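No hydrogens, no waters, no symmetry mates; every other heavy atom, side chains included, goes into these values. Just so you know, residue 1 is the first one in the sequence shown, and it goes up from there. These numbers come from a predicted model, not from an experiment.
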Amino acid sequence: MYEHSEHGKYFKKNSNLPVNEKIQRDGEHQRIHTGEKPHSCSECEKCFTDKSSLSRHQRTHTGEKPFSCSECEKDFSHKTSLVKHQRIHTGEKPFSCSECEKCFTNKSALSGHQRTHTGEKPFSCLECGQSFTEKSALNKHQRIHTKCFTNKSSLFVHQKIHTGEKPFSCSECGKCFIRKINLVDHQRTHTQEKPYSCLECEKCFTQKSHLVQHQRLHTECFSHDSSLKKHLQTHTGEKPFSCPECGKCFRQKSYLVSHLRTHTGEKPFSCSECGKRFTHSLTFNNHQRIHTGERPFSCPECGKCFRQKSYIVRHLKSHTGEKPFSCSECGKCFIDNSAFYNHHRIHTGEKPFSCSECEKCFTHKCSLNEHLKTHTGEKPLTD
């Protein structure tokens with residue numbers, strides 16, 4: 001062992017290393033104190049203290065991923081990333097919490113978890129002062145304050161959200177819009193015009209975006225045979241992965257793995273803010289936005305923002321007037337599938353929600369929830 005004079009740090013002597021390499025390693029370490037960064041990237045001019053760090057950085061430009069997982073063949077640009085990834089296959093979790101003994105695959109995940117015990121929130125927003133336990137949560141939150149535009153016309157349209165200006169009005173119903181293109185799209189709900197036609201199957205659409213989305217069915221390409229095979233199952237209806245518990249079948253193994261958690265009760269996704277756990281990554285990500293305040297889905301009409309994509313899809317129909325789900329019994333139309341199914345039970349008499357206390361059945365879940373209060377003693381809401 002030998003001691004470094006700057007702060008007393010010790011380094012291992014390796015007698016097998018050549019003398020010039022030992023000198024080089026000590027010199028590289030000393031640059032941490034001197035701030036010297038002699039190795040610069042020819043692409044972006046970013047500088048580094050040692051050559052190996054520069055080599056790792058250059059892979060961000062070249063896209064090179066020389067480290068491959070022997071289990072699933074996924075490639076990585078850094079060896080440390082591969083080591084972390086391999087723990088998914090081995091199940092190794094070498095970092096444990098001293099408070100609750102929960103284990104983690106990497107040190108950063110442990111550090112984030114430990115803040116749920118200490119209450120520490122070291123990442124603070126400079127705009128509003130709100131604090132977060134993780135940097136990723138702060139980054140998501142900051143998008144609320146920093147909305148940017150690539151050109152002046154986009155900024156001009158956006159500013160109408162704040163002024164409330166809607167200069168384009170429908171001559172049929174008087175509804176007003178921020179942009180002319182949204183008015184044109186809306187007017188087709190009155191004229192039933194569908195000007196965008198698919199050249200493959202001649203199906204017609206009211207909006208170009210709907211046609212583009214549809215055309216992917218005909219032109220979708222895949223980089224791997226496995227991806228193509230999965231896609232083809234959407235056409236063949238093949239569902240080769242079946243649940244041993246209930247027999248339900250799935251197209252992909254990942255869907256089955258996710259479904260199995262409904263039987264095991266496993267909730268592997270834990271919120272570092274409140275400790276609430278989730279079965280699926282999607283619901284976990286949606287939940288985190290409650291803490292970060294992030295609402296990444298913005299309505300181009302009124303500027304209202306939403307946490308989930310499904311919320312904005314439903315909301316947009318309130319502007320277009322579109323109600324694509326029609327009841328074959330009475331002709332009533334609905335914005336989304338769930339509202340349609342709730343209504344349809346009026347005709348079928350189906351009551352799928354039953355009380356575990358008295359076995360009384362209800363058409364809607366909200367009606368069951370109100371009924372349950374009669375057993376718990378909780379007073380139901382009154383007008």
Side-chain angles (χ1 to χ4, degrees), residues 1-4 7-17 21-22 25-26 28-29 32 48-60 64-123 131-140 253-254 256-261 263-285 287-288 291-292:
M1 303 282 281
Y2 66 94
E3 184 178 355
H4 187 280
H7 54 29
K9 187 169 182 177
Y10 287 92
F11 295 89
K12 271 186 181 179
K13 274 189 178 180
N14 191 333
S15 58
N16 297 323
L17 285 175
E21 193 169 334
K22 291 176 186 176
R25 286 194 175 185
D26 186 46
E28 286 174 352
H29 170 79
I32 296 169
F48 300 87
T49 54
D50 58 83
K51 198 171 181 180
S52 60
S53 298
L54 171 61
S55 297
R56 285 195 297 271
H57 163 78
Q58 285 176 323
R59 291 180 196 133
T60 62
E64 184 191 4
K65 294 183 177 183
F67 304 100
S68 179
C69 175
S70 59
E71 289 288 328
C72 63
E73 297 181 3
K74 191 171 182 179
D75 296 321
F76 300 88
S77 53
H78 305 302
K79 191 174 181 178
T80 52
S81 302
L82 170 61
V83 170
K84 286 179 183 177
H85 165 80
Q86 284 176 324
R87 291 178 187 141
I88 295 169
H89 301 298
T90 62
E92 183 191 5
K93 294 183 178 183
F95 303 96
S96 66
C97 174
S98 57
E99 288 288 328
C100 64
E101 297 182 1
K102 190 174 181 181
C103 296
F104 300 87
T105 55
N106 58 71
K107 195 173 182 180
S108 59
L110 170 62
S111 298
H113 164 79
Q114 285 175 323
R115 292 182 196 126
T116 62
H117 298 299
T118 63
E120 182 191 6
K121 294 185 177 182
F123 304 101
S131 297
F132 301 89
T133 55
E134 295 180 10
K135 192 175 182 180
S136 59
L138 170 62
N139 291 339
K140 286 180 180 178
K253 190 176 181 179
S254 59
L256 170 61
V257 170
S258 183
H259 164 78
L260 284 169
R261 293 180 192 135
H263 297 297
T264 63
E266 183 192 2
K267 295 183 177 182
F269 304 99
S270 175
C271 176
S272 58
E273 290 290 326
C274 65
K276 193 172 181 180
R277 301 187 71 86
F278 299 87
T279 307
H280 309 293
S281 59
L282 179 63
T283 49
F284 167 61
N285 291 334
H287 165 82
Q288 281 190 315
H291 299 298
T292 63

S.K.: Let's go through Thr60 and Ser77 carefully: what are the C-alpha distance in whole Å and the side-chain angles of both, what is the deciding distance for side chain to side chain contact (heavy atoms under 4.5 Å, CB included) to 0.1 Å, and is it a yes or a no?
M.R.: CA-CA 8 Å; Thr60 62; Ser77 53; over 6 Å; no
S.K.: Tell me, do Gln288 and Phe278 make a side-chain contact under 4.5 Å, heavy atoms counted?
M.R.: no
S.K.: What's the verdict on side chain to side chain contact (heavy atoms under 4.5 Å, CB included) for His287 and Thr283, showing C-alpha distance, side-chain angles and the deciding distance?
M.R.: CA-CA 6 Å; His287 165 82; Thr283 49; over 6 Å; no
S.K.: When rounded to the nearest 0.5 angstrom, what distance separates OG in Ser81 from CG in Asn106?
M.R.: 10.5 Å
S.K.: Can you measure from OG (Ser272) to NE2 (His291) and round to the nearest 0.5 angstrom?
M.R.: 7.5 Å
S.K.: Please report the interatomic distance CG(Leu260) to OG1(Thr279), rounded to the nearest 0.5 Å.
M.R.: 11.5 Å
S.K.: With rounding to the nearest 0.5 Å, note down the distance linking SG in Cys69 to NZ in Lys74.
M.R.: 9.5 Å
S.K.: If I compare all heavy atoms of Phe132 with all of Thr292, which pair ends up nearest, and what's the gap?
M.R.: CE2-CA, 3.7 Å
S.K.: The criterion is side-chain hydrogen bond (donor to acceptor under 3.5 Å, both in side chains); which residues satisfy it with Ser258, sequence neighbours excluded?
M.R.: His280
S.K.: Any side-chain heavy atom of Glu92 sitting closer than 4.5 Å to one from Cys103?
M.R.: no
S.K.: Between atom CD of Glu134 and atom NE2 of His113, what is the distance when rounded to the nearest 0.5 Å?
M.R.: 11.5 Å
S.K.: With under 30° as parallel and over 60° as perpendicular, where do the rings of Phe284 and Phe269 fit, or are they tilted in between?
M.R.: parallel
S.K.: Has the side chain of Ser53 got a donor or acceptor atom that lies under 3.5 Å from a matching backbone atom of Thr49?
M.R.: no
S.K.: Any chance the side chains of Thr264 and Arg261 put a donor and an acceptor closer than 3.5 Å?
M.R.: no
S.K.: Would you give the length of the straight line joining atom CZ of Arg56 to atom CZ of Phe48, rounded to the nearest 0.5 angstrom?
M.R.: 9.0 Å
S.K.: Just jot down the side chain to side chain contact (heavy atoms under 4.5 Å, CB included) partners of Arg277, sequence neighbours excluded, or say none.
M.R.: Lys102, Lys267, Ser270
S.K.: Taking the side chain as C-beta and beyond, is there a heavy-atom pair between Pro94 and Arg87 under 4.5 Å?
M.R.: yes
